[in-house]
Enquirer: 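Please read through the structure below; I'll follow up with questions.
These values consider heavy atoms only, across backbone and side chains, with no hydrogens, waters or symmetry-generated copies. Order of the sequence lines sets the chain letters (A, B, ...), proteins ahead of strands, with each chain counted from 1.
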Amino acid sequence: GQNIDQPTEMTATEGAIVQINCTYQTSGFNGLFWYQQHAGEAPTFLSYNVLDGLEEKGRFSSFLSRSKGYSYLLLKELQMKDSASYLCAVLTGGGNKLTFGTGTQLKVEL
Amino acid sequence: GAVVSQHPSWVICKSGTSVKIECRSLDFQATTMFWYRQFPKQSLMLMATSNEGSKATYEQGVEKDKFLINHASLTLSTLTVTSAHPEDSSFYICSARDVAGEREQYFGPGTRLTVT
C-alpha cells in the first residue's frame with residue numbers, strides 16, 4: 001500500500017522560515033510533488049523532485065532523499081498569505097497515479 | 001497556459017437525483033484526466049483515472065456504477081454522481097495531464113457538491 005505522512009498542523013511567525021516534512025512508503029516512485037491549497041480551492045503546484053537534492057524556486061525550496069523516503073518543503077520569509085494547507089504527493093504507477101499525503105495546515109502569525 | 005475548468009463550481013441537489021460535473025482543459029489536450037474527492041479537513045483521494053476514448057480505471061472502493069466517468073474528447077471529461085446521497089457531499093476536483101506526457105497534473109478549481 002501507499003503511506004505518506006506529514007504533520008497535521010504547524011504555526012510560524014511572519015518573516016520566519018518553516019520546514020514541512022513528508023515521509024513516504026510507496027510501491028514505486030516516479031517523483032514527488034508539493035502543492036499549496038487554500039480552503040475551498042484547488043491545489044496549486046509548488047515543486048517537483050525526482051532526483052535527490054534540493055530544488056530552489058524563489059521563497060520555496062524542496063528537498064528529496066529517495067533512499068530515506070523523505071522530502072521537505074522549506075518556506076522562507078513567510079507572509080500571511082502563506083497560511084494554507086501544504087500537500088505532499090508521490091507519483092507512482094509508472095507516472096500515472098498521484099497519491100496525496102494527509103496535508104499540513106500552516107498558520108502564519110504576526 | 002495549462003488551465004483546467006470545472007462546471008459547476010457548486011451544486012446542491014436532492015437525495016436520489018444525479019449530478020454531472022464537467023472538467024475541461026482549456027488550452028491543451030489531455031489524454032488523461034483524474035477525478036479526486038476531498039472531504040473537509042482531509043487530503044485529496046483519487047477516485048478514478050480517465051483516458052480519452054476508453055473506460056475509466058477506478059480506485060479500490062469507488063463504485064463505478066455510482067460514479068460514471070466519460071472522457072469523450074481530449075479536452076472534456078465528465079463525472080456523473082448517480083442516485084446521490086448526503087454522504088456523497090464533498091469537494092470534487094479534476095486534474096488533467098498534457099498529451100506531451102509531462103508529469104505534472106493541472107488541477108481544476110473544484111466543484112462543491114451538497115446533497116440534501
Enquirer: Counting distance alone, with no hydrogens or angles, which donor-acceptor pairs between chain A and chain B are under 3.5 Å?
Expert:
| unit_1 | atom_1 | unit_2 | atom_2 | d |
| --- | --- | --- | --- | --- |
| A/Q37 | OE1 | B/Q38 | NE2 | 3.0 |
| A/Q37 | NE2 | B/Q38 | OE1 | 2.9 |
| A/G95 | O | B/R97 | NH1 | 2.6 |
| A/N96 | OD1 | B/R97 | NH1 | 3.4 |
| A/N96 | OD1 | B/R97 | NH2 | 2.7 |
| A/K97 | NZ | B/E59 | OE1 | 2.5 |
| A/G101 | O | B/S43 | OG | 2.4 |

Enquirer: Taking all non-hydrogen atoms of both residues, which atom of A/A42 and which atom of B/F107 are closest, and how far apart?
Expert: CB-CB, 4.1 Å

Enquirer: Checking A/L91 against chain B: side chain, backbone, both or neither under 4.5 Å from a heavy atom?
Expert: side chain

Enquirer: Considering residues at least two apart in sequence or located in another chain, which fulfil the salt bridge (charged side-chain N to carboxylate O under 4.0 Å, His left out) criterion with A/E56?
Expert: A/K76

Enquirer: Are there more than 12 heavy atoms of other residues, nucleotides or ligands under 6.0 Å from atom CD of A/Q25?
Expert: no

Enquirer: In the single-linkage hydrophobic clustering (I, L, V, M, F, W, Y; side-chain heavy atoms under 4.5 Å), do A/F45 and B/F34 co-cluster?
Expert: yes

Enquirer: Should B/F91 and B/V19 be counted in the same cluster of Ile, Leu, Val, Met, Phe, Trp and Tyr side chains packed under 4.5 Å apart?
Expert: no

Enquirer: Treat each ILVMFWY residue as a node, draw an edge where side-chain heavy atoms are under 4.5 Å apart, and state whether B/L46 and A/L87 are in one component.
Expert: yes

Enquirer: Does atom CE of B/M45 have more than 12 heavy-atom neighbours from other groups under 6.0 Å away?
Expert: no

Enquirer: Do A/I20 and A/F63 sit in one hydrophobic cluster, given that two such residues count as connected whenever their side-chain heavy atoms are within less than 4.5 Å of each other, even indirectly?
Expert: no

Enquirer: Tell me if the CD atom of A/E77 is crowded by more than 12 foreign heavy atoms within 6.0 Å.
Expert: no

Enquirer: I need the residue from A/G31, A/G103, A/G40 with the largest number of non-hydrogen atom pairs under 4.5 Å to chain B.
Expert: A/G40

Enquirer: Between B/I93 and chain A, which part of the residue has a heavy atom less than 4.5 Å away: side chain, backbone, both or neither?
Expert: side chain

